[in-house]
Amino acid sequence: MHWADVAAKSLSHRGNTHIISTGITPSGEFHIGHLREMLTGDMLARAANEAGLDTDFIFIVDSADPLRKVYSFLGPEYEQFIGHQLGAIPAPREGDNNPDWQRFNDEGWTYADHFLTPFLEALAEIGVRPRIVDNLRSYQDGEFAQLTKVACDSADEIREIIERVSSRELASDWFPWSPIDSKGSLDGVKVTGYEYPLVYWIDSHGVEGSSDITKGQGKLPWRIDWPAKWSWIGVTCEAFGKDHGAAGGSYATGREISTLLGYQPPQPLTYEWISLRGKGAMSSSSGNTIGPIEALRLVPPQILRLLIANSKPNKAIDFDTGMGLVILADEFERLCSRDFDSEMNDENISRRKLVQVEDAKAALRLSMGEPGEIAKATSVSFRHLALLAQTKSNDDAVWKSLIETGAIKEPTKQLKDRLARMRYWIDSEHFPEEMRINILSTPNVQALSLLNDEEKSALLGLTEALRNCQWNAESIGSAIPQSAKDNGISPRSAYRAAYAALMGLEKGPRLAPILAEMDKNEILMQLDSCCQIQ
RNA sequence: GGGCCUGUAGCUCAGUCAGGUAGAGCGUCGGACUUUUAAUCCGAUGGUCGCGGGUUCGAACCCCGUCAGGCCCGCCA
């Protein structure tokens, strides 16, 4: 059974109504790693719905979290906001990346909005449309009030849980509430007393004050904030990264604190990290990221979904924007064209094979942009489209070629969309070199030396045939094999010779349309140079 | 130091929960086809399941140990 269906089935033992949650701090650009959080939750929610459970899928935006430091992508003026809540400070401005006060004052456009909005747009395109819960607003609206009271009243029990489970010692003045200080920061504030609903404090500037826990004048520390959210929202299942899931981590303390708060902790689903192939873990601060927005420019949403659907959550994913994407995309095409039902109806199928077919079927189902959408094979592989996109300068020529070869009757919206992404990909740094069509301008001696005698003689005939032929795809296409036949040689030899001379390869893509788009004289010069080496 | 996860074919991984003849895809190689879509079709190749013990009639799977990689016990998806 597919991992999402297993998790959904396990959820069904708990009840019929579920809130599946995800949560991310909008501290910087979102990347593919965050997409795993969202897609893991989304797929589980879909699987739960399909299993007949009444499921709500939410995304908690941790806008109440403080700015930790002046990240490399921020202007120096952000120094003043360290410790301030992300949903309460201005967004970085185009250009110098310093705070955009005007937009903040005019529209209330915050740091959190700035990073969240494009991410939500990308998510919508991928078919992920969670209900958004803004954490800062939830504090301000008093959603945490009652739970905070319980937490503050039970400060000693909570301290005991955190110290025992995470085996770390909390400071003697630790208190389960972080008040906002006189400047708006959560850092360096010491709690000096508590009398509901006020927490008294003294900040790093020596200013004293009080914080009303029912009005969001501060927040719960993360390890309490999380279980408190479960409780007031009613979360029954949450997908989170392995960092939270490790023993002694925030889930371990959270589940005990949740029980203390009188709420059954949600079923956990921990997932592994995504790294960038050859570059290590994804990290916003080092700039080693690829965003969902950028990834979507390269490939259709279904393929990003497949990346997640195809890997069990506890498997690390090494994301590769080059050949890896080509392979993944072609895998998607293969899945689309399979007839799973007849494969499963085969009487001789082994149990093992059956599991594989079931998982493949489920992975494809969960990769669809919309629940219930039927997969349709386009009958054009990514490899092929990459070829056509490189050899045909305009889209109509691509469609004409596909129609003539009988691959399609006419271009669908899906295909047009895919071609547009393909062109973007080809122009980007991510497109794999081995897929790039490269016509040589100087002979590749090594490739030529691998030719046998027949192929070498085919090269001479080929060169003359091309010299005398009209420079269009059709004429070139017939000249290549004909030049060999005229000399009693297999057409294959002519192709081998052509690939060695023009591309330095043993085989390659259909030559005629490529050559037709090149300059005849340059091609002939290259062929002549190769002939002379013989 | 304590704990979690991962280790199976050249690569990516299923299979481990319910022990019963080691599986897929990709790759590679060969063949077919060809006025070649690096295409397609057919076939072949491929693994002491990290290592060592134990339990069992039987272990990739359960138990103990061990090695390697990642992660957590401040913050990070």
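First the proteins, then the strands, lettered A, B, ... as listed; each starts at 1.
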>> Apply side chain to side chain donor-acceptor pair (under 3.5 Å) to residues A:D486 and A:Q482 and explain how you reach the verdict.
In response: CA-CA 6 Å; A:D486 289 348; A:Q482 198 58 46; 3.1 Å; yes

>> Below the 4.0 Å mark, does B:rG15 have OP1 or OP2 next to a side-chain nitrogen or oxygen of A:K312?
In response: yes

> What integer number of Å spans the P atoms of B:rA68 and B:rC51?
Replying inline: 15 Å

> Nearest to the side chain of A:W222, which nucleotide is it out of B:rA38, B:rC76, B:rU35?
Replying inline: B:rC76

>> Taking the nucleotide of RNA chain B with the nearest heavy atom to each, does A:D359 or A:M503 sit closer to the 5' end?
In response: A:D359

> Applying a 3.5 Å limit to both distances, which nucleotide forms a Watson-Crick or G-U wobble pair with B:rG65?
Replying inline: B:rC51

> Does atom CZ of A:R418 have more than 12 heavy-atom neighbours, drawn from other residues, nucleotides or ligands, at distances under 6.0 Å?
Replying inline: yes

>> Tell me the interatomic distance from A:I439, atom CD1, to B:rA38, atom C1', rounded to whole angstroms.
In response: 13 Å

> OH of A:Y499 versus C1' of B:rA38: gap in Å, rounded?
Replying inline: 8 Å

>> Rounded to whole Å, please give me the gap between CD in A:Q356 and P in B:rA24.
In response: 7 Å

> For atom C1', what is the distance between B:rU56 and B:rG46, given to the nearest Å?
Replying inline: 31 Å

> What is the distance from CG of A:L511 to P of B:rU34, rounded to the nearest Å?
Replying inline: 19 Å

>> Output the rounded distance in Å from CD1 (A:I303) to P (B:rU12).
In response: 21 Å

> How is A:M435 classified with respect to the nucleic acid when contacts are heavy atoms under 4.0 Å: base, sugar-phosphate, or nothing?
Replying inline: base

> Rounding to the closest angstrom, what is the interatomic distance between B:rG27 and B:rC63 at atom C1'?
Replying inline: 38 Å

>> Check A:E272 with A:K242, please: is the shortest side-chain N to carboxylate O separation under 4.0 Å?
In response: yes

> For A:V6 and A:P509, take the nucleotide of RNA chain B holding the closest heavy atom to each; which residue's nucleotide lies nearer the 5' end?
Replying inline: A:V6

> Rounding to the closest angstrom, what is the interatomic distance between B:rG7 and B:rA44 at atom P?
Replying inline: 29 Å

>> Within the 4.0 Å heavy-atom criterion, would you say A:R164 contacts the bases, only the backbone, or no part of the nucleic acid?
In response: nothing

>> Heavy atoms only, 4.0 Å cut-off, all strands: where does A:T25 land among base, sugar-phosphate and nothing?
In response: sugar-phosphate

>> Can you measure A:I224 atom CD1 to B:rC75 atom P for me and round it to whole angstrom units?
In response: 12 Å

>> Can you check the distance between B:rG54 and B:rA59, where both ends of the measurement are the P atom (answer in whole Å)?
In response: 11 Å

> Reckon A:L388 touches a base, only the sugar-phosphate, or nothing at all at heavy-atom distances under 4.0 Å?
Replying inline: nothing

> Aromatic rings A:F240 and A:Y251: how do their planes relate, parallel, tilted or perpendicular, breaks at 30° and 60°?
Replying inline: parallel

> Of all the choices, B:rU35, B:rC76, B:rG70, which nucleotide is nearest to the side chain of A:H244 once you look at every atom?
Replying inline: B:rC76

> Taking the same atom, C1', in B:rA24 and in B:rU45, what whole-Å distance lies between them?
Replying inline: 16 Å

> Does a nitrogen or oxygen in the side chain of A:N314 sit under 4.0 Å from OP1 or OP2 of B:rU6?
Replying inline: yes

> Nearest-Å distance, CZ (A:R334) to C1' (B:rG27)?
Replying inline: 12 Å

> Given that both distances must come in under 3.5 Å, which nucleotide forms a Watson-Crick or G-U wobble pair with B:rC41?
Replying inline: B:rG31

> How about A:F57 and A:T22: do any of their side-chain heavy atoms sit closer than 4.5 Å?
Replying inline: yes

> Given the C1' atoms of B:rG50 and B:rU6, what is the spacing between them in whole Å?
Replying inline: 11 Å

>> Which nucleotide, if any, forms a Watson-Crick or G-U wobble pair with B:rG1, using both distances under 3.5 Å?
In response: B:rC73

>> Could you check whether A:D5 pairs with A:R365 (Lys NZ or Arg NE/NH1/NH2 to Asp/Glu carboxylate O, under 4.0 Å)?
In response: yes

>> If I pick the C1' atom on B:rU12 and the same atom on B:rG47, what distance separates them, to the nearest angstrom?
In response: 15 Å

> Between A:F115 and A:Y111, is the gap from one ring center to the other below 6.0 Å?
Replying inline: yes

> Starting at CD of A:E331 and ending at P of B:rC13, how long is that distance when rounded to a whole Å?
Replying inline: 13 Å

>> Side-chain N or O of A:K315 versus OP1/OP2 of B:rU12: is the shortest distance under 4.0 Å?
In response: no

> Can you tell me the Watson-Crick or wobble partner of B:rC13, both distances under 3.5 angstrom?
Replying inline: B:rG23

>> Classify A:R68 by what it touches in the nucleic acid, base, sugar-phosphate, or nothing, heavy-atom distance under 4.0 Å.
In response: sugar-phosphate

